[in-house]
Amino acid sequence: MKPPEERSGSMVLRAWLEGGKPEALRVRVIFTIGTDEARSLVVTSPEAVHAAVQNWLEDLGAGTMTFS
């Protein structure tokens with residue numbers, strides 16, 4: 001029986017406040033999965049950052065996460 005294929009990816013978050021204003025949050029999300037070319041998007045709320053990370057993990061195929 002062949003072992004399951006290992007998948008990997010990377011994600012980088014760069015956050016800043018436009019004009020130094022807390023209500024002007026900007027976060028650039030740069031991500032890859034496997035050998036795909038890097039993609040990016042810009043979001044403007046903590047909830048959108050959470051959604052981007054969650055979607056990326058789901059795309060990566062992470063079912064149950066274990067931390068050690």
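All figures in this text were calculated on a predicted structure; none of them were measured in a lab.
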Are Val53 and His50 side-chain neighbours, meaning at least one heavy-atom pair lies under 4.5 Å? no
Quick one: are Leu41 and Phe31 in side-chain contact, heavy atoms under 4.5 Å? yes
Listing, residues 10-27 side-chain donor-acceptor contacts under 3.5 Å, not counting sequence neighbours, or none:
unit_1, atom_1, unit_2, atom_2, d
Ser10, OG, Thr32, OG1, 3.1
Trp16, NE1, Glu18, OE2, 2.7

Under the rule for side chain to side chain contact (heavy atoms under 4.5 Å, CB included), what residues qualify as partners of Ser40, not counting sequence neighbours? Arg28, Ile30
Would you please name every residue forming a side chain to side chain contact (heavy atoms under 4.5 Å, CB included) with Ala48, sequence neighbours left out? Val43, Ser45
Which value, rounded to the nearest 0.5 Å, describes the distance between Ile33 atom CD1 and Leu60 atom CG? 5.0 Å
